[in-house]
Amino acid sequence: EEFDGTCSRAANMMAGSTLWDGISTVPFVQFALINYLKWAALPAAVGISLGLMLLSNVAGRLGVNRSAGKGLIANTGLSLFILLSLAKTLLSGVGFDILVNQDGITREYASKVLANQLEKSQLKLEELQSLKNPKLLNYQNSCEPLKALLPNIDKTLEPAKWESVYVQAFGTYAQQESVRGLTNDQVIKKYGGVNQIPGVCKRADMQLALDLKQADKMQANIASWNSKVGTVPPLQLLQSEFPEVFKSEFKITDEGQVEIRSGQQVVGEAFLQFFDKLQDPEKIFQLGISLFWMVVSLILSVLATILLWALSRNKEMKWS
């Protein structure tokens, strides 16, 4: 009876450990599959979680049978149980965080997306202000050789060659007269884009004017955005100032909740956020119940492994 009680305690500890991990495995697998399986992701996640529980329990049962000739099987079973327990323990906190803290994960991801957009805007502003826009550089690199070539051509002796180079650089006189007095926007509308304006040097001048105008506008926008950071929630700021980015990264449910659009992104962000906080003494306690869930998972896994290993060494178990 005492030996039966020992076996029951080991079995219960093993089952409790796998069940505890199984609960937090479901949301992890569900969100990893939701973009592919849609409504079927939850049943699939439950099935996979149950399958891993059964596999762990079978591995644990094989791990205690060290009767004659079964040593290798027992070692393999116990090793498999340990590996599965370790993997599920590492993911248990992440899975439980997805289960109870999806709103928090979304808000932190929104902060990251917003910071990325502000950084991109600042880099674009620096590119425009330093006149390093690739389109502008391309036009200027095509223009400068033509401008340098014109003075070296004798207009009297080679009028056709001089006119050909001039037209490439500035367009014909008729084309220049047709846009005299028009604004930049009107010229672009007339030709259907900067790249269609006659004369590569005229395109360079137009692109330069556009870049400087865009730089002034972007500088004002960046100042406005920075003034709102910290006072306006990142999700709200993204929705109002970067609507295309908001639409590509987030979705609004029928209940009005904002969620990360991609299930894989939810899993990835939950993983990154959880382990970033786990390594930061100032943020570790922000994990709250998710950290508690992971610690309990670790304790249960270690105890179950020790009990199974000790039971496999028991003479009564070998005789049974």
Side-chain angles (χ1 to χ4, degrees), residues 1-33 44-101 267 270-281 284-285 287-320:
E1 291 181 4
E2 182 181 351
F3 176 65
D4 286 343
T6 301
C7 290
S8 296
R9 285 189 291 272
N12 290 336
M13 181 62 70
M14 179 181 69
S17 174
T18 56
L19 178 60
W20 187 271
D21 290 338
I23 293 172
S24 52
T25 302
V26 172
F28 188 92
V29 177
Q30 178 189 358
F31 278 90
L33 298 176
V46 172
I48 291 172
S49 181
L50 288 174
L52 289 173
M53 287 171 56
L54 291 174
L55 181 60
S56 294
N57 289 339
V58 170
R61 186 174 65 183
L62 290 174
V64 299
N65 183 8
R66 291 187 179 276
S67 56
K70 298 293 182 66
L72 179 60
I73 295 176
N75 289 335
T76 303
L78 190 60
S79 298
L80 179 59
F81 179 82
I82 292 172
L83 289 174
L84 287 172
S85 296
L86 179 62
K88 290 189 290 182
T89 294
L90 286 174
L91 299 179
S92 62
V94 178
F96 199 76
D97 208 39
I98 295 174
L99 186 64
V100 301
N101 188 38
V267 172
F271 190 90
L272 290 175
Q273 292 176 24
F274 185 88
F275 285 100
D276 282 347
K277 291 177 181 177
L278 195 62
Q279 300 173 59
D280 189 339
I284 188 171
F285 292 107
L287 296 173
I289 192 172
S290 299
L291 178 61
F292 167 78
W293 193 273
M294 182 179 180
V295 170
V296 172
S297 172
L298 178 61
I299 293 172
L300 290 175
S301 296
V302 170
L303 289 177
T305 300
I306 292 173
L307 283 173
L308 291 174
W309 180 82
L311 197 59
S312 72
R313 297 292 178 178
N314 191 298
K315 291 182 179 180
E316 292 176 295
M317 173 59 73
K318 294 180 180 179
W319 294 338
S320 65

Would you compute the distance between atom [atom1] of [X] and atom [atom2] of [Y] and round it to the nearest 0.5 angstrom?
X      : Y      : atom1 : atom2 : result
Leu303 : Arg9   : CG    : CZ    : 13.0 Å
Ile289 : Met294 : CD1   : CE    : 15.0 Å
Gln273 : Ser290 : CD    : OG    : 11.0 Å
Met13  : Leu311 : CE    : CG    : 13.0 Å
Phe274 : Leu287 : CZ    : CG    : 5.0 Å
Leu91  : Phe28  : CG    : CZ    : 4.5 Å

Between [X] and [Y], what is the shortest heavy-atom contact and its length?
X      : Y      : answer
Pro27  : Ile98  : CB-CG2, 4.2 Å
Met14  : Arg61  : SD-N, 4.2 Å
Ser301 : Asp21  : OG-OD2, 3.8 Å
Leu62  : Gly77  : CB-CA, 4.3 Å
Leu278 : Ile284 : O-CD1, 3.7 Å

Please list, chain by chain and in numerical order, all residues satisfying side-chain hydrogen bond (donor to acceptor under 3.5 Å, both in side chains) with [X], sequence neighbours excluded.
X     : value
Ser49 : none
Asn57 : Thr18
Ser92 : none
Ser56 : Lys88

Do the ring planes of Phe96 and Trp293 sit parallel (below 30°), tilted (30 to 60°) or perpendicular (above 60°)?
parallel
Residues 78-86 side chain polar contacts: donor-acceptor under 3.5 Å, at least two apart:
residue: Ser79; atom: OG; partner: Asn75; partner atom: O; Å: 2.8
residue: Ser85; atom: OG; partner: Phe81; partner atom: O; Å: 2.8

Keeping Asp97 on the side-chain end and Gly93 on the backbone end, is there a donor-acceptor pair under 3.5 Å?
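Side chain of Asp97 to backbone of Gly93, a donor-acceptor pair under 3.5 Å: no, none is there.
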Keeping the roles fixed (side chain from Thr76, backbone from Leu72), state whether a donor-acceptor pair exists under 3.5 Å.
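Pair found, side chain donor or acceptor close to backbone of Leu72.
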For the CZ atom on Phe275, are there more than 12 heavy atoms of other groups (residues, nucleotides or ligands in this structure) within a distance under 6.0 Å?
yes
Excluding sequence neighbours, so at least two apart, what forms side chain to side chain contact (heavy atoms under 4.5 Å, CB included) with Ala45?
Val26, Val29, Gln30
